[in-house]
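What follows is one structure encoded as structure tokens, with my remarks underneath.
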Amino acid sequence: MQTYSAMEIANFIIDTCTKNHNPVSNLRLQKLLYFVWVDFYRETGRYIFLDNMQAWQLGPVVPDVYYEYCAYGGKPINLCCETFISPEDTAILKEIIEKYLLVPVSVLVERTHMPDTAWYKVYNNGQGNRNVIPFWLIRQTEFGE
């Protein structure tokens with residue numbers, strides 16, 4: 001059972017989307033990181049990465065990943081990235097990414113902004129801007145744990 005860095009998962013997402021001729025923007029990448037974390041946990045019961053997610057204005061963000069790719073602005077990140085994800089995890093991740101690949105990014109943002117989400121509770125109308133969204137709160141709001 002392996003846990004990866006959020007950067008490794010981000011690079012996997014970028015690589016997968018680029019190879020599918022549907023490169024992601026930094027905003028979409030951040031939303032995919034959140035939904036990948038949630039869905040991977042739902043399927044496996046384990047965290048795919050342990051890096052903190054923060055409550056930013058447009059939803060959950062992994063700061064290190066954001067700053068790595070912020071130079072792209074809203075443009076597609078069209079890169080092939082070398083990743084070392086286990087074959088078992090690769091299969092799960094590809095299924096999850098495929099599920100969200102064609103969902104408009106505005107819909108993904110709306111889903112993270114719904115009342116009673118972890119982001120909503122931490123962000124608190126801007127008072128919690130850039131505060132960490134604890135994994136226990138994500139589990140509680142997504143799964144009722």
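What you see below is based on every heavy atom in this structure, not just the backbone, and it leaves out hydrogens, waters and symmetry mates.
- For an aromatic pair to be called close, the ring centres must be under 6.0 Å apart, and Tyr66 with Trp56 satisfies this.
- In the hydrophobic cluster analysis, where Ile, Leu, Val, Met, Phe, Trp and Tyr join through side-chain heavy atoms closer than 4.5 angstrom, Val122 is grouped together with Leu50.
- In this structure, Val62 is a member of the same hydrophobic cluster as Trp136, with clusters built from ILVMFWY side-chain heavy atoms closer than 4.5 Å.
- Note that CG of Asn131 and NZ of Lys121 are 15.5 Å apart. Values are rounded to the nearest 0.5 Å.
- Here the closest non-hydrogen pair linking Thr90 and Ile85 is OG1-O, 3.3 Å.
- Remark: side-chain polar atoms of Lys31 are paired, donor with acceptor, to backbone N or O of Leu58 under 3.5 angstrom.
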Residues Asn26, Gln30; criterion side-chain contact (heavy atoms from CB on, under 4.5 Å); working and verdict: CA-CA 6 Å; Asn26 201 5; Gln30 292 299 323; 3.7 Å; yes

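- Of the inter-residue distances, the one linking Glu88 atom CD with Gln2 atom CD reads 10.0 Å to the nearest 0.5 angstrom.
- With a 4.5 Å cut-off on side-chain heavy atoms, Tyr100 and Val36 do not count as touching.
- Trp119 CH2 to Ile133 CD1: the interatomic distance, rounded to the nearest 0.5 Å, is 8.5 Å.
- With rounding to the nearest 0.5 angstrom, the CG atom of Leu27 is 8.5 Å from the CG atom of Leu108.
- Of all heavy-atom pairs between Arg28 and Val103, the closest is NH2-O, 2.6 Å.
- Relative ring orientation between Tyr72 and Tyr69 is described as tilted, the plane-to-plane angle lying within the 30° to 60° band.
- The two residues Ser25 and Gly74 have their closest heavy-atom pair at CB-O, 3.7 Å.
- Of all heavy-atom pairs between Met53 and Ile138, the closest is CE-CD1, 3.7 Å.
- Between Glu68 and Met7, the shortest heavy-atom distance links the atoms CB-CE, 3.6 Å.
- Put simply, the side chain of Pro60 does not reach to within 4.5 Å of the side chain of Phe35, judged on heavy atoms.
- Crowding of Glu98 atom CD: a count of heavy atoms from other residues, nucleotides or ligands under 6.0 Å not exceeding 12.
- The shortest side-chain heavy-atom distance between Glu142 and Trp37 does not fall under the 4.5 Å cut-off.
- For the residue pair Tyr34 and Thr112, the shortest heavy atom distance occurs at CD2-CG2, 4.0 Å.
- One hydrophobic cluster holds both Tyr120 and Val107 under the rule that ILVMFWY side chains link at heavy-atom gaps under 4.5 Å.
- Side-chain rings of Phe135 and Tyr41 stay apart, their centers remaining 6.0 Å or farther from each other.
- Ile13 and Leu79 fall within the same hydrophobic cluster, where Ile, Leu, Val, Met, Phe, Trp and Tyr residues are linked whenever their side-chain heavy atoms come under 4.5 Å apart, directly or through other members.
- Of the residues Asp89, Val65, Asp51, Ile48, the one that meets the side chain to side chain contact (heavy atoms under 4.5 Å, CB included) test with Ile9 is Ile48.
- Following chains of ILVMFWY side-chain contacts shorter than 4.5 Å, one cannot reach Val61 starting from Tyr123, and the two form parts of different hydrophobic clusters.
- Looking at Gln140 and Leu137, their side chains come closer than 4.5 Å, going by heavy atoms from C-beta outward.
- To the nearest 0.5 angstrom, Ile97 atom CD1 is 12.0 Å from Ile92 atom CD1.
- Thr117 places no side-chain N or O within donor-acceptor distance of the main-chain N or O of His113, the cut-off being under 3.5 Å.
- Note that CG of Asp15 is 9.5 Å distant from CD of Glu82, once rounded to the nearest 0.5 Å.
- When side chains are defined from C-beta on, Glu8 does not count as touching Thr83, because their heavy atoms never get closer than 4.5 Å.
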Audit row: Phe143, Val38, side-chain contact (heavy atoms from CB on, under 4.5 Å) steps and yes/no: CA-CA 9 Å; Phe143 313 114; Val38 169; 3.7 Å; yes

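- For the side chain to side chain contact (heavy atoms under 4.5 Å, CB included) with Ile77, the lone residue among Asn11, Thr18, Ile14 that qualifies is Ile14.
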